[in-house]
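Worth knowing before you read on, the calculation uses all heavy atoms, side chains too, and leaves out hydrogens, waters and symmetry mates.
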Amino acid sequence: MAAAERIVIENCAIATVDADGTEYASGHLVLAGDRIESVGAGPAPEGLSDVTRRIDATGHLATPGLVNTHHHFYQWLTRGLATDHNLFDWLVALYPTWARLDEDMVYTAAQGSLAMMARGGVTTAMDHHYVYPRGTGDLSGAIIRAARETGVRFTLARGSMDRGESDGGLPPDFAVETLDDALAATEATVREHHDSSFGALTQIAVAPCSPFSVSTELMRRGAELARSLGVRLHTHGSETVEEEKFCHELFGMGPTDYFESTGWLGEDVWMAHCVHMNDSDIAAFARTGTGVAHCPSSNARLAAGIARVPDMLRAGVPVGLGVDGTASNESGELHTELRNALLVNRLGPHRESALTARQALRLGTFGGAQVLGRAGEIGSLEPGKLADLVLWRMDTLAHASIADPVAALVLGAAAPVTASFVGGRQIVADGRLLHMDEEAVARATRAEARRLARIAGQA
C-alpha cells in the first residue's frame with residue numbers, strides 16, 4: 001500500500017485499549033498506508049485525499065488486533081489425543097508421535113494453526129517450536145513461510161531441547177539436539193529471519209523448551225545468546241506442581257529462583273503459564289519486568305491450575321494471552337481465551353472482582369504487545385501505531401441485545417470477524433481468509449495428521 005493511500009472506517013463502536021481506556025460509541029478510524037492516522041468520535045475528517053476505500057462499519061466494534069503470546073503450531077496434527085492426562089503424562093503419551101514430525105507436517109500444521117487464529121481476529125501470532133528431530137528439513141523456515149502466506153505479524157520462538165530420555169528427560173533421544181547444535185541453529189535462525197525494524201512482520205526469540213527438558217548450560221548460554229543478538233527470550237515456567245517438585249529435587253530451588261540463577265528474568269523475557277507462583281515469585285517478575293503468557297484453556301485442559309493473573313496485574317507484571325498448543329486447546333482460537341481468562345480467574349480467590357471484560361480485552365491486545373516487546377507498535381488503536389485492527393460484527397442474533405459491545409465481545413459467543421487488517425492490509429473478510437484456501441488447508445492437515453499417526457504407529 002502506498003503511503004498516501006487511505007482507508008476510512010466509520011460508524012462503529014471503538015475500544016482503543018489505550019492507556020486511558022478510551023472508547024467511542026460511534027467513531028471513525030483513518031488508516032494511511034500501514035499506520036493509523038486518526039481515531040476519534042463521529043465521522044472522519046472531511047477533505048481527506050487519496051481515500052481508496054470507505055467502510056460503513058455500522059453495527060461493529062473496532063478493537064486492536066489480538067496478539068497471541070504462546071503456541072505450538074505442530075500440535076495441530078495431534079488434537080484430541082490424551083484428553084484425560086495431566087501435563088507430564090500427556091507429554092509422555094505424545095512425545096513419541098511428535099518425534100516423527102518432518103518439514104511437510106510442520107508446514108501444514110502451521111497453516112492450520114495460523115488460519116484458525118487469523119480468521120478469529122489474531123493479527124500477531126507466535127509459535128514456540130522446540131521439536132527438531134534429526135534430518136527432517138528446515139522446520140523453522142517452514143513455519144515462517146506459513147506465517148507470511150497467512151499475512152499475520154509473527155514471532156517464532158526458536159525452541160530447543162537437549163535433555164532426552166537417557167538424561168532423565170521426556171522426549172526420545174533422537175528428537176533432541178546437542179547443546180552446541182541447538183545454540184548454533186538458534187543463532188542461524190535469528191541471523192537469517194529476525195527483523196528488528198518498526199513494523200517488522202517476522203521476529204525471532206531464543207526459547208529453550210522448559211527446565212525439565214533442557215540442561216542448565218543451555219538455559220544460561222541461551223540467555224547469553226539472546227542478549228548478544230538483541231532478541232527476546234521465552235520458555236515455559238511454573239506450569240504444574242510436578243514441575244515445581246522437579247526443580248526442587250534437581251536444582252534445590254523453585255522455578256523462579258532457578259530462572260533468576262540462569263539469567264532468565266528481565267524485561268526481555270516472557271514465560272508461558274506461570275500457574276504456580278507464590279508472592280515472592282510474582283514480586284520477582286514485577287521487579288524485573290518479566291512477562292507472562294496466560295493460557296487459561298490449556299491450563300484447565302491439563303488440570304494445571306489457575307494462574308494468579310489478578311495478583312500479577314496488580315503487582316505490575318506484563319501479562320498477555322496464549323492459545324497454547326492445540327493438543328491441549330483443541331479450538332486453537334485466541335478470541336475464546338478472552339472469555340475463558342475472565343471466567344477461570346473468577347473461580348479463584350478474587351471471585352467476581354478478579355477481572356473485568358475490559359481487562360480481559362487488554363490482556364489479549366495491549367498486554368500481548370507488551371509481552372512480545374512491541375507495545376510501541378501494536379496493541380492499541382492510536383495515531384502513529386501500526387494499522388492492525390479487527391471489526392467484530394455485533395448486530396447479529398448472538399450479540400444484538402447486549403448494549404455494551406466490549407461485554408458482548410468478551411462474555412458473548414464468538415463474534416464474527418467482518419474485517420481484519422495487518423499493517424493496513426486486509427487478511428480476513430466476512431470471516432474468511434483472503435490469502436489462504438481454508439478448505440485446502442483442512443484437507444492437507446487431515447492428510448498429514450493421518451500420515452503422522454501412521455508413521456508413529458509403525459515406529
Side-chain angles (χ1 to χ4, degrees), residues 5-49 51-67 120-124 335 338-339 342 355-370 375-396 398-424 426 428-430:
E5 292 181 347
R6 289 185 171 90
I7 297 173
V8 176
I9 303 169
E10 295 179 295
N11 304 320
C12 55
I14 302 173
T16 69
V17 199
D18 65 10
D20 297 322
T22 305
E23 297 181 11
Y24 303 103
S26 180
H28 72 272
L29 288 146
V30 178
L31 316 183
D34 66 349
R35 309 290 178 93
I36 298 170
E37 184 175 70
S38 68
V39 55
E46 295 183 2
L48 292 172
S49 62
V51 175
T52 59
R53 185 179 176 194
R54 288 185 178 271
I55 299 174
D56 180 359
T58 300
H60 288 76
L61 169 67
T63 72
L66 300 184
V67 179
V122 168
T123 56
T124 297
H335 63 301
L338 303 175
R339 185 174 194 262
L342 187 151
L355 289 177
T356 67
R358 283 161 176 79
Q359 284 177 307
L361 177 59
R362 181 171 290 273
L363 290 177
T365 53
F366 187 78
Q370 282 184 298
E377 301 171 86
I378 59 175
S380 60
L381 301 179
E382 301 179 74
K385 282 198 166 184
L386 294 166
D388 291 13
L389 65 140
V390 179
L391 292 177
W392 309 88
R393 189 172 178 190
M394 291 294 164
D395 60 358
T396 68
H399 304 94
S401 63
I402 304 176
D404 179 350
V406 175
L409 177 67
V410 174
L411 289 171
V417 174
T418 294
S420 182
F421 296 87
V422 177
Q426 190 167 354
V428 175
D430 296 322

Q: Provide the closest heavy-atom pair for Gly121 versus Trp392 in the form atom of the first, atom of the second, distance.
A: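 Distance-wise, the nearest heavy atoms are CA-CH2, 3.9 Å.
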Q: Roughly how far, to the nearest 0.5 Å, is the OG1 atom of Thr16 from the CD atom of Glu23?
A: 7.5 Å
Q: Which pair of heavy atoms, one from Pro405 and one from Ala13, lies closest together, and at what distance?
A: CG-CB, 4.0 Å
Q: Give me the atom names and distance for the closest heavy-atom approach of Val30 to Ala44.
A: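 Looking at all heavy atoms of both residues, the closest pair is CG2-CB, 4.0 Å.
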Q: Which of these, Val17, Leu338, Leu355, Thr356, sits in a side-chain contact (heavy atoms from CB on, under 4.5 Å) with Arg362?
A: Val17
Q: Closest heavy-atom contact between Thr123 and Val390?
A: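 Here Thr123 and Val390 meet closest at CG2-CG2, 4.3 Å.
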Q: Is the closest side-chain donor-acceptor distance between Asp56 and Thr58 under 3.5 Å?
A: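 Checked: Asp56/Thr58 side chains pair up, N/O donor to acceptor below 3.5 Å.
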Q: Rounded to the nearest 0.5 Å, how far apart are CZ of Arg54 and CZ of Arg6?
A: 10.5 Å
Q: Testing the basics here: between Val417 and Ser420, what is the closest heavy-atom pair and its distance to 0.1 Å?
A: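 That would be CG1-CB, 4.1 Å.
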Q: Measure the spacing between CG of Asp404 and NE2 of His399 and express it to the nearest 0.5 Å.
A: 12.0 Å
Q: Does a side-chain heavy-atom distance below 4.5 Å link Ile55 with Leu391?
A: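 Side-chain contact under 4.5 Å: yes.
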Q: If you round to the nearest 0.5 Å, how far is CD1 of Ile14 from NE2 of His28?
A: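 Interatomic distance, His28 NE2 to Ile14 CD1, rounded to 0.5 Å: 7.0 Å.
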Q: Rounded to the nearest 0.5 Å, what separation is found between the OG atom of Ser38 and the CG atom of Leu381?
A: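 Atom-to-atom, Ser38:OG and Leu381:CG are 11.5 Å apart.
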Q: Determine yes or no for a side-chain-to-main-chain donor-acceptor pair under 3.5 angstrom, with Arg393 supplying the side chain and His60 the backbone.
A: no
Q: Please lay out, stage by stage, how Leu389 and Leu31 fare under the test side-chain contact (heavy atoms from CB on, under 4.5 Å).
A: CA-CA 10 Å; Leu389 65 140; Leu31 316 183; 3.8 Å; yes
Q: Working to the nearest 0.5 Å, report the span between CG of Leu66 and CG of Leu363.
A: 11.5 Å
Q: Keeping Asp388 on the side-chain end and Val422 on the backbone end, is there a donor-acceptor pair under 3.5 Å?
A: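 No: the side chain of Asp388 does not pair with the backbone of Val422.
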Q: Looking at Ile378, Thr365, Ile36, which hits side-chain contact (heavy atoms from CB on, under 4.5 Å) with Pro64?
A: Thr365
Q: Ala419 and Gln426: which non-hydrogen atoms are nearest, and at how many Å?
A: CB-NE2, 3.5 Å
